[in-house]
Amino acid sequence: MAGTREGLMDKIVALCKRRGFVFQCSEIYGGLNGFWDYGPLGVELKRNVREAWWQDMVSRHDPLDAPAGAPQPYQMVGVETSIIMHPQVWKCSGHYDLFVDKMVDCKECKGRFRADHISSIPCPVKPSKMVGQHDKCSLTAPRDFNLMFKTIIGALGTEEDAAFLRPETAQGIFVNFKNVCDSTRVKVPFGICQIGKSFRNEITPRNFTFRSREFEQMEIEFFCPPDESPQWYAYWRDRRFAWYTRLGIKTDNLRLRDHAADELSHYSCGTADVEYAFPFLDGGEYGELEGIAHRGDFDLRSHMEGKLKNENGQLLVETGPDGLPKWRGSGKDLTYFDDQTRQRYTPHVIEPSAGADRGTLAFLCEAYHEDEAPDDKGQLQSRVVMRFHPRIAPIKAAVFPLIKKDGQPEQAKAVYRELREAGIACTYDEQAAIGKRYRRQDEIGTPWCLTIDGETSNDGAVTLRDRDSLQQIRVPIKEVVAEIQRRLRG
RNA sequence: GCGGGUGUAGCUCAAUGGUAGAGCGCCAGCCUUCCAAGCUGGUUGUGAGGGUUCGAUUCCCUUCACCCGCUCCA
C-alpha cells in the first residue's frame, strides 16, 4: 500500500544528503539516533522558514490595524530565552512529574507500563488479570524513564544541581510574561513569540527529521481577555493554517484537524493541529506540523500558585501529603490590569506551536517533483525539480555565462555580484553545458536562472529562465535585481 | 524497548577467503550560441570494534545507523 510513497521518501532523503540539505548527525562516527544536521542548502532553507515565520508573525505585523479575521488590532513581540531554566519551572508546568515516571517492562509480553499504574492495567496476555498478576508476567524492576534531558549545573555540581534542557520553548515565554508587560508597554491582547531549540528523549526517533530528540520550535503565546479567547482561538487556528498554504503547501496534503472534545485538556476549549500528509505515512494518514491550543489561564496560574491539578473540572493547586502545594509557584502576581475597563484578570492564552524542523521537512517533501524536460535534441528526459516557494528557496537565482569565453564569464560575474550586493542568495556556475547547469539548479530548487549570451553585449539583456515553466524571457541587466526582488515579493 | 530487513565510491549497483570494478556525479581542460548522455585526464570505498585465519569486504561475535512492523509520542 505504501510502496510508492516509501520510495518517494527514500528519494527525498537521498537528495537531502546528495545536495547538502540534511546530513545524519556525527555521520563519520556512525550517526546518532534522533539527531540531524543541516548542510549548506538545508541551513538556508530552514533559516528561510524561520525568517518567514518571524517576519509574518512579528516584524511585518501591523499593530495599528486588525489583520483580516482578527477581532481587533494587537501587538506582537519576541523573546529569546535560555534553554536551561530554573528546575522549578518544570515542576510547576507539570513536565517534571510527567517526565520522570518509573516504568516497568514485561519480558514475556514485551509490554511497557507505568510502574504506578500496573495494578490497574490489564495484562495484555491474560486480560482478566492485571499486569504482574498473571503467572507468566516477568516484570523488570521499575526504571527511570527520563523524557526530559537532564544535566548538571556547575563544574563540581552533583545531583542536587540537576537541571533540564527545556522540552518546550513556551515556558520561557510564560515566566517572562511580567517582564514583557513591564518593559514594553504592550497591552492585552498581544503575543510573545520565540524560536528556539527544545529537547525530548523521544522513545523512538523515526521518520527522518520528523521525530528528533533535538528540535526547533516556533511558538506564540497570545494573551487575551478570557471572554474574547474563543474568537482569538478561531483567528489563530485559521491564520496559522493559511501560513502554510501561502508558502506553497497544497491543501490536498494539508489539513486542519480539530481535536475531539474528549481529546481536549480539561481547561481547554479548543485545540487544532495543522497536519501534513508526509510521504512516509500511509495514505490517509497525517503528521503534526503545528498545534494551536487554547490553554486558558492554566500556565500563568501555575507559575503564580504552583502546579495545578484538575479536580472535578476545577483547576486547583496540587497538594502533597503535608497539605502544602506539591510544587510551589513563584508567588509573583501575573495578573493583568486593564486600565480601560478598570478590570484585573489572568489573561487566557492561545498557543500556536509550530515545529521548525517539521515545517522544513514538509516544505522539502512538498517541493519534490519528478517531471520531464527536453534535452538539446528535443528528447524528453526525466528531471528532478524542487518546487520551493521562492521565499524559502535556499538560492533565489543562478547566473551563468552561456559559454566560457568571449567575455561572457566577466559579464555574468558582474550580474552575480550585483545580486549578492542586493542581498539576494545566488550562485555562479560556468561549469559544463548550459542544460546541465539548469538541471543542477532545478534539483536544489533555484527559482530563476540568468544566462549571459553573445547577444548580451549588444542588447544589454540576459535570459531569465523560470524553474517551473521553463519559459525564458529577456531582461535588461539594469533591471535584473529589481526583477528578482519583484518576483520574490510575489 | 521488542521483532524483521539493510549496510561496498558522493549516488545507483557489481565482485571475491588472496591488492575491490562499472555507470553516473564531482574536479581540471578541450568543445559548445539556451535545457543533463561529445572528447581527454583526474578523484573517491567495504558503517565501527573484536575474533577465527598465513591472509577477512566475504565466516563468527558485538556494536552503531537506517528502513518496516509493534510499543511510545507527556
Side-chain angles (χ1 to χ4, degrees), chain A residues 1-3 5-7 9-11 13-20 23-36 39 90 93-101 103-114 124 140 143 145-148 167-168 200-208 210-213 215 265 280 282 287-288 371-385 400-406 408 430-443 449-457 462-467 469-474:
Chain A
M1 157 171 56
R5 293 173 66 84
E6 277 167 35
M9 197 61 213
D10 289 345
K11 289 180 186 176
V13 172
L15 185 147
C16 281
K17 179 177 178 176
R18 185 169 70 247
R19 293 308 217 160
F23 304 126
Q24 235 183 315
C25 164
S26 312
E27 188 186 302
I28 62 170
Y29 286 106
L32 188 61
N33 188 243
F35 299 90
W36 298 90
W90 309 113
S93 71
H95 291 86
Y96 182 83
D97 290 343
L98 286 165
F99 274 56
V100 294
D101 291 323
M103 304 294 283
V104 297
D105 293 312
C106 178
K107 291 172 183 166
E108 181 63 28
C109 70
K110 312 299 184 193
R112 167 173 290 159
F113 316 95
R114 275 179 63 164
T140 62
R143 290 186 285 194
F145 207 65
N146 298 307
L147 285 144
M148 282 197 290
E168 62 174 34
R200 298 180 194 179
N201 269 316
E202 297 283 358
I203 310 297
T204 314
R206 201 55 87 82
N207 291 330
F208 202 32
F210 182 77
R211 191 181 292 164
S212 300
R213 290 188 164 129
F215 58 100
S265 310
F280 51 75
D282 286 334
E288 182 183 345
D371 67 3
E372 292 188 320
D375 64 15
D376 59 352
K377 297 172 190 68
Q379 300 281 309
L380 283 179
Q381 301 290 344
S382 68
R383 151 178 107 132
V384 173
V385 53
F400 312 140
L402 184 57
I403 56 172
K404 210 172 8 175
K405 59 183 182 188
D406 299 343
Q408 290 181 22
E430 59 180 30
Q431 198 67 243
I434 188 69
K436 180 173 278 190
R437 283 177 272 166
Y438 284 144
R439 300 300 175 86
R440 284 205 273 246
Q441 296 304 319
D442 291 340
E443 206 184 22
C449 294
L450 298 156
T451 303
I452 281 71
D453 58 23
E455 274 301 296
T456 301
S457 307
V462 300
T463 300
L464 187 154
R465 176 261 198 188
D466 181 83
R467 177 194 69 198
S469 67
L470 303 181
Q471 289 190 334
Q472 303 185 155
I473 60 168
R474 294 293 280 185

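These figures come from a predicted structure and were not determined experimentally. Quick note on labels: first sequence line is chain A, next is B, and so on, each numbered from 1.
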**Q.** Ionic contact status for A:Arg467 with A:Asp442, cut-off 4.0 Å
**A.** no
Q: Could you check which of B:A36, B:A74, B:C70 has an atom nearest any side-chain atom of A:Arg439?
A: B:A36
Q. Nearest of B:C34, B:C26, B:A65 to any side-chain atom of A:Arg440?
A. B:C26
Q. How long is the gap from CD on A:Gln471 to OG1 on A:Thr463, to the nearest 0.5 Å?
A. 13.0 Å
Q) Between A:Arg437 and A:Leu402, is there a donor-acceptor pair closer than 3.5 Å when you use the side chain of the first and the backbone of the second? A) yes
Q. Counting side-chain heavy atoms from CB outward, which of B:C34, B:C66, B:G10 is closest to A:Gln24?
A. B:C66
Q) Distance-only, no hydrogens or angles: does the A:Gln408 side chain make a donor-acceptor pair with backbone N or O of A:Ile403 under 3.5 Å? A) yes
Q) Looking at the rings of A:Phe280 and A:Phe210, which for Trp means the six-membered one, are their centres under 6.0 Å apart? A) yes
Q) Of all the nucleotides listed (B:A28, B:C68, B:C66), which has the minimum atom distance to the side chain of A:Trp36? A) B:C66
Q. Out of B:G25, B:C68, B:C72, which has the shortest distance to the side chain of A:Thr204?
A. B:C72
Q: Select one nucleotide: of B:C34, B:A74, B:C72, the one nearest the side-chain heavy atoms of A:Arg211.
A: B:C72
Q. Checking all strands, does A:Asp453 fall into the base, sugar-phosphate, or nothing category for heavy-atom contacts under 4.0 angstrom?
A. base
Q. How far, in whole Å, is B:G4 from B:G51 if one measures between their C1' atoms?
A. 26 Å
Q) Sub-3.5 Å donor-acceptor pair from the side chain of A:Asp453 to the main-chain atoms of A:Thr456, do we have one? A) yes
Sub-3.5 Å pairs of nitrogen or oxygen atoms, protein against nucleotides 43-48 of chain B:
none

Q.
Please pick, from B:A36, B:A74, B:U33, the nucleotide with the shortest atom-to-atom distance to any side-chain atom of A:His95.
A. B:A74
Q) If you look at every strand shown and take non-hydrogen atoms under 4.0 Å, does A:Gln431 touch a base, only sugar-phosphate, or nothing? A) sugar-phosphate
(Q) Which nucleotide wins on minimum distance to the side chain of A:Ile403, given the candidates B:U33, B:C34, B:A74? (A) B:U33
Q. Given B:C34, B:U32, B:G1, which nucleotide is nearest the side-chain atoms of A:Lys404?
A. B:U32
**Q.** Residue pair A:Thr451 / A:Tyr438, side-chain heavy-atom distance below 4.5 Å
**A.** yes
Q. Which nucleotide sits closest to the side chain of A:Arg206: B:G69, B:C34, B:C26?
A. B:G69
Q.
Counting the atoms with a prime plus P, OP1 and OP2 as sugar-phosphate, which does A:Asn207 contact under 4.0 Å by heavy atoms, base, sugar-phosphate, or nothing?
A. sugar-phosphate
(Q) On the nucleotide B:G10, are OP1 or OP2 found under 4.0 Å from the side-chain N or O atoms that A:Lys17 carries? (A) no
